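Notes follow once the structure below has been shown.
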Amino acid sequence: MKGCMVVGKFVVEGGRTLQGEVRVQGSKNSTLPILAASLLCRGESVLYNCPQLTDVEASLTILRYIGCTARREGDVVIVDTGCVERNDIPSALMHRMRSSIIFLGAMIARFDRVKMSFPGGCELGPRPIDLHLNALREMGVEISEEHGELDCCITDRLHGANIALTIPSVGATENIMIAAATAEGTTIISNAAREPEITDLADYLTACGAKISGAGESTVIIDGVARLHPASHAIIPDRIVAATLMSAAAVTGSDIRFKSIIPSHLGSILPVFRECGCDIQCVGDGMSFHSPYRLRSPKLIRTMPYPGFPTDAQAPLMSVAAVADGLTVFVENMFESRYGHVSELCRLGADIRVEGRVAVVAGARRLLSARVRARDLRGAASLVVAALSARGVSEIEGIEYLERGYEDFELVLSALGAEIKKL
Ligand code: UD1
């Protein structure tokens with residue numbers, strides 16, 4: 001990500017067993033679109049279980065730049081979007097996180113004319129936004145793209161449309177839902193993304209007065225309403241953070257308990273850990289996780305849109321495969337360049353070969369400590385997981401990437417008994 005400076009590192013002494021109970025933070029990928037959607041509500045929305053992350057702070061900075069107020073009280077964020085002064089987002093703010101494109105639908109619905117720069121590429125390879133732009137054009141937005149700037153305006157009115165997505169893009173589905181909430185008429189999104197974060201956004205918008213059906217399914221129907229009102233909403237738990245903590249427990253041969261999770265959101269993740277020999281019992285929003293003395297390798301992990309295996313959990317699970325008994329084949333179907341963590345895992349002693357979108361991991365009994373550098377958010381998480389299992393003291397640089405998505409990760413792990421410090 002362009003806005004990231006290289007600061008901060010973790011020092012991890014591997015080999016400690018984890019124990020105890022952990023509460024999983026709120027979902028980053030729910031919080032970001034919901035903060036953008038709050039722009040349409042013209043008043044004070046209260047968001048509970050809102051994680052304190054650099055990406056969330058970047059969204060709050062954008063809201064403040066536009067003229068809104070935003071404050072945090074623990075894990076509660078209160079945004080007041082009653083007052084707005086600006087209809088642009090400068091490139092410095094757009095480049096702080098790629099997901100800033102999620103403001104486009106909300107801005108155009110609120111202002112009729114919007115200027116913002118392209119969010120640009122990122123560490124996962126090219127991240128096009130053609131689906132977002134084409135959908136908004138179908139809804140009546142004129143968009144000119146010049147010199148990396150987007151100039152968008154509504155000459156007539158923002159109206160509903162039948163939008164068939166060629167890829168079930170999470171961000172495009174969210175942008176369309178937000179823009180459609182107060183557009184004139186009905187919008188039907190086919191081949192919509194089905195991620196739990198889509199449903200969470202729909203729940204917030206519905207609480208604000210929107211009329212949405214089908215969220216979480218392939219066809220989402222939004223009947224535009226004249227205006228939305230502010231609402232309170234509790235963000236869902238972060239399924240990727242849960243998967244990362246399960247990975248940490250698995251590689252250290254640990255037993256831990258989770259609270260505040262939604263097991264159904266982990267539908268494609270739990271079978272992989274069970275294949276590794278982990279015993280997992282879910283009761284309500286709690287889960288006990290027991291890992292065996294020696295993990296078995298999961299045979300094949302193919303990343304897919306939800307409800308398939310999430311691309312965001314690929315990197316942490318690769319650290320699990322790296323210490324399991326046998327071979328694992330990974331196929332990354334979502335992003336072109338999502339194996340940035342592999343070379344660093346190899347420095348920790350992992351045996352991984354990459355060919356295009358395929359990575360083959362031959363599990364080792366034990367990894368070795370090393371000094372490694374994170375290059376992206378989930379890759380950073382995979383390095384922490386690997387270091388927890390490695391013999392000796394490892395240093396992980398580039399943890400500012402990790403802080404985009406994991407709240408106080410070193411404190412969460414320390415509370416479970418890990419030997420990890422942030423320098
Ligand atoms: C979201 C998540 C991210 C996750 C990803 C896939 C947030 C803030 N981020 O990102 O953590 O890894 O979903 O589950 O929720 N595409 C296009 N054109 C577009 C849009 C997307 O070709 O206009 C392609 C992308 O290049 C990618 C695929 O569609 O190959 C899926 O991307 P998308 O679902 O849009 O991901 P994001 O919403 O950016």
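All values derive from a computational prediction rather than experimental measurement. As the structure lists them, so they are numbered: ligands from 1, and atoms in each ligand from 1. Residues take their numbers from the sequence shown, with the count starting at 1.
- No donor-acceptor pair closer than 3.5 Å links the side chain of Asp285 to the backbone N or O of Ile261.
- No part of Tyr306 comes within 4.0 Å of ligand 1, judged by heavy-atom distances.
- The closest non-hydrogen atom to atom 7 (C) of ligand 1, taken over Leu131, Asn29, Ile198, comes from Asn29.
- The closest approach between Ala193 and ligand 1 stays at or above 4.0 Å for every heavy atom of the residue.
- Residue contacts with ligand 1: Glu197 is excluded, as none of its non-hydrogen atoms falls under 4.0 Å.
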Tell me which donor-acceptor pairs under 3.5 Å the side chains of residues 266-275 have, and how far apart each pair is, sequence neighbours excluded?
from: Ser268; atom 1: OG; to: Gly308; atom 2: O; distance (Å): 3.1
from: Arg274; atom 1: NH2; to: Ile280; atom 2: O; distance (Å): 3.0
from: Glu275; atom 1: OE2; to: Lys299; atom 2: N; distance (Å): 2.8

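- At a 3.5 angstrom cut-off on N or O pairs, Pro128 counts as close to ligand 1.
- Taking distance alone, with nitrogen or oxygen atoms compared against 3.5 Å, Asp312 approaches ligand 1 more closely than that limit.
- The main-chain N or O of Arg42 is found under 3.5 Å from a side-chain atom of Thr81 such that the two form a donor-acceptor pair.
- With sequence neighbours excluded, the residues forming a side chain to side chain contact (heavy atoms under 4.5 Å, CB included) with Lys422 are Phe10, Ile399, Glu403, Glu410, listed by chain and number.
- The backbone N or O of Ala70 sits less than 3.5 Å from a side-chain atom of Arg64, completing a donor-acceptor pair.
- Taking every heavy atom of Gly171 and a limit of under 4.0 angstrom, the matching atoms of ligand 1 come to 35 (O), 38 (O).
- Close N/O approach between Arg98 and ligand 1 is found [any backbone or side-chain N/O within under 3.5 Å].
- Distances shorter than 4.0 angstrom occur between a heavy atom of Arg338 and an atom of ligand 1.
- Under a 4.0 angstrom heavy-atom cut-off, Glu336 registers as lying outside contact with ligand 1.
- Counted within 6.0 Å of CZ on Arg227, heavy atoms from surrounding residues, nucleotides or ligands total 12 or fewer; the atom is thus considered open.
- Ser291 contributes a side-chain N or O that, together with a main-chain N or O of Ser254, makes up a donor-acceptor pair within less than 3.5 Å.
- Not a single donor-acceptor pair under 3.5 Å links the side chain of Asn162 to the backbone N or O of Thr187.
- For the residue pair Tyr65 / Asp88, a side-chain donor-acceptor distance below 3.5 Å is found, with atom types taken as modelled.
- On a distance-only criterion, Glu174 and ligand 1 share no N/O pair closer than 3.5 Å.
- Considering each of Val170, Leu165, Ile240, the one bringing a non-hydrogen atom nearest atom 13 (O) of ligand 1 is Val170.
- Annotation: Phe335 places no N or O atom under 3.5 Å from an N or O atom of ligand 1; distance criterion only.
- The distance from ligand 1 to the heavy atoms of Thr311 drops below 4.0 Å at these ligand atoms: 6 (C), 12 (O), 14 (O).
- Under 4.0 angstrom from ligand 1, the non-hydrogen atoms of Ile167 all belong to its side chain.
- Arg157 places no side-chain N or O within 3.5 Å of a backbone atom of His159 that could act as its donor or acceptor partner.
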